[in-house]
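Please read all numbers here as calculations on a predicted model, not as lab measurements. When reading the values below, keep in mind they use all heavy atoms of this one structure, side chains included, and skip hydrogens, waters and symmetry mates. Starting from 1, each residue takes its place in the sequence as its number.
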Amino acid sequence: RVLFRSPNNLSLNQGKVNNQTDNKKPRPIHLNARSIEAWVQQVNNKNKVEKLWTEGSVSVKQDSEKPGEKGVDVKGDTLQLTAHPEGNFLVVTGDLAQLRMDHMFIVGPEVNIDQSTNKAWVNGVGAMQMESTTNFQGNKLGKAVPLEVHWNKSMFFNGKFAEFHGGIQAEQENSRLACQSLQVFFDKAVSLKGGNNREKTDTPARVQNLVCDRTVRVEEIIRENDKIQKYHRIQAVTLSMNKLDKDEEDTKPEIGRVHV
C-alpha cells in the first residue's frame, strides 16, 4: 500500500490488455487528487496498481484507443478504482460527479464505470447530454444539436443503449419532453475505454431512436421577436420516435415516424 498526500498526480500504465498487439501504445490513466492511496503489487520487478482510493478534487484522464479521438475524462470528490486487464472499474462520487466521453456527458451523485463490460450507471438524480440529428417528432435537423436528459431515480448505459427512470425531463433546442421512463438507442457504439468505436472520418455516435413511457408530453415552441409563431403538443401513454433513413448521401429526404 502506497499513500500520497496533497497535492498529487499519478500516471498509471496498466500494460497490455487481452489480445492487444505489440504495435499498440499503452494508454496510461492520468490521475490528480488531494489524497491518493494505492495498493501496488510487484510483478517481474515492475509495480502494478491493483486498486486506488482518492479524494479531494479528483480528476482522471485516459486517452482514446484511436488517435485524434477524445478519451475518458472523469471528475468528482472521491474515486475508487479497481484494475483489471480487460478494463478498470471506477466509482466516482460528489455533488456533481462527471463522466465525459467524446460528445457524451454524464453527471450524478455516484457514477459507476465498468470498462470491461462497457457499462455505466448512476444511482440517484442526474443528467446526460448527447448529440441528435432529429427532433422529438423524428424530423431531420440541419445539424447535430445537444439533447439533454434529466432524471431523478437512475440511469443505465451500455454503449449503444441508455435507459432513464423517474421524472424524466428532456430538452433539445425549442422542444421539451417529459415522461417517467425513457429509452435512447444510438446509431453506433460508444467505448468507455476511450471514445467512440469509429473511423476518424466518421461522425460520432448520435441518437437513433427514442421510446417514452407513462405520462408522455412533448412540446415544441418556436418564437420570433418574443412572439410564438408555432406550437406543437403531443400527449400520450407511450411514444416512440424512429429515425428511418440513415444514409446521408441518399437523394431522398430523410423522414421520421412518431408512434402514439
Side-chain angles (χ1 to χ4, degrees), residues 1-14 27-40 49-64 69-84 87-131 146-159 161-171 182 184 190-196 205:
R1 177 182 176 186
V2 181
L3 181 63
F4 304 87
R5 286 302 178 191
S6 171
N8 279 288
N9 63 79
L10 187 63
S11 179
L12 306 177
N13 190 341
Q14 300 304 129
R27 298 181 301 112
I29 297 173
H30 302 284
L31 169 65
N32 287 273
R34 263 201 321 267
S35 176
I36 303 174
E37 295 183 49
W39 282 257
V40 180
V49 175
E50 292 185 326
K51 61 180 179 178
L52 288 171
W53 167 259
T54 71
E55 60 182 339
S57 302
V58 178
S59 174
V60 180
K61 294 181 183 292
Q62 186 178 32
D63 292 337
S64 171
E69 292 184 0
K70 296 179 181 178
V72 177
D73 189 352
V74 179
K75 294 181 180 179
D77 295 332
T78 69
L79 165 70
Q80 181 178 348
L81 181 148
T82 304
H84 298 284
N88 302 299
F89 183 81
L90 302 91
V91 180
V92 189
T93 66
D95 292 335
L96 281 176
Q98 304 176 19
L99 166 63
R100 184 180 295 277
M101 306 167 295
D102 206 17
H103 291 259
M104 194 170 296
F105 185 53
I106 300 173
V107 298
E110 179 184 292
V111 180
N112 299 267
I113 308 156
D114 188 346
Q115 292 183 324
S116 63
T117 59
N118 204 48
K119 295 177 181 178
W121 60 94
V122 174
N123 299 315
V125 178
M128 181 173 179
Q129 187 180 85
M130 61 211 92
E131 279 193 352
L147 167 61
E148 191 169 298
V149 179
H150 297 256
W151 65 88
N152 61 27
K153 287 186 179 180
S154 64
M155 183 280 296
F156 174 79
F157 171 76
N158 73 349
F161 165 85
E163 189 173 65
F164 310 89
H165 293 284
I168 307 300
Q169 298 284 336
E171 299 182 5
L182 175 66
V184 177
V190 176
S191 173
L192 294 176
K193 293 182 180 179
N196 294 341

With [X], which of [options] fulfils side chain to side chain contact (heavy atoms under 4.5 Å, CB included)?
X	options	value
Leu52	Val40, Leu31, Val60	Leu31
Ile106	Met130, Met155, Gln129	Met155
Leu81	Leu90, Val92, Ile113	Leu90

For [X] against [Y], the heavy-atom pair lying closest together:
X	Y	result
Val111	Ala97	CG2-O, 3.7 Å
His165	Trp151	O-CB, 3.7 Å
Val122	Val125	CG1-O, 4.4 Å
Asn88	Ala83	OD1-CA, 3.3 Å
Leu99	Ala120	CD2-CB, 4.4 Å
Thr78	Glu55	CG2-CB, 4.0 Å

> To the nearest 0.5 Å, how far apart are CD in Glu163 and CZ in Phe156?
Replying inline: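 The CD atom of Glu163 sits 8.0 Å away from the CZ atom of Phe156.
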> So how far is it from Gln169 CD to Glu148 CD, rounded to the nearest 0.5 Å?
Replying inline: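 Reported to 0.5 Å precision, the distance equals 11.5 Å.
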> Is Glu110 atom CD crowded by more than 12 heavy atoms from other residues, nucleotides or ligands, each under 6.0 Å away?
Replying inline: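 Enclosed.
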> Which one of Arg100, Lys61, Gln98, His30 satisfies the side-chain hydrogen bond (donor to acceptor under 3.5 Å, both in side chains) criterion with Asp73?
Replying inline: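 It is Lys61, the one option of Arg100, Lys61, Gln98, His30 that forms the side-chain hydrogen bond (donor to acceptor under 3.5 Å, both in side chains) with Asp73.
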> So, do Met104 and Met128 sit near enough that their side-chain heavy atoms are less than 4.5 Å apart?
Replying inline: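 Of all side-chain heavy-atom pairs linking Met128 with Met104, at least one is under 4.5 Å.
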> Asn118 side chain to Phe157 main-chain N or O, any donor-acceptor pair under 3.5 Å?
Replying inline: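 No; judged by distance alone, with no hydrogens or angles, the pair does not exist.
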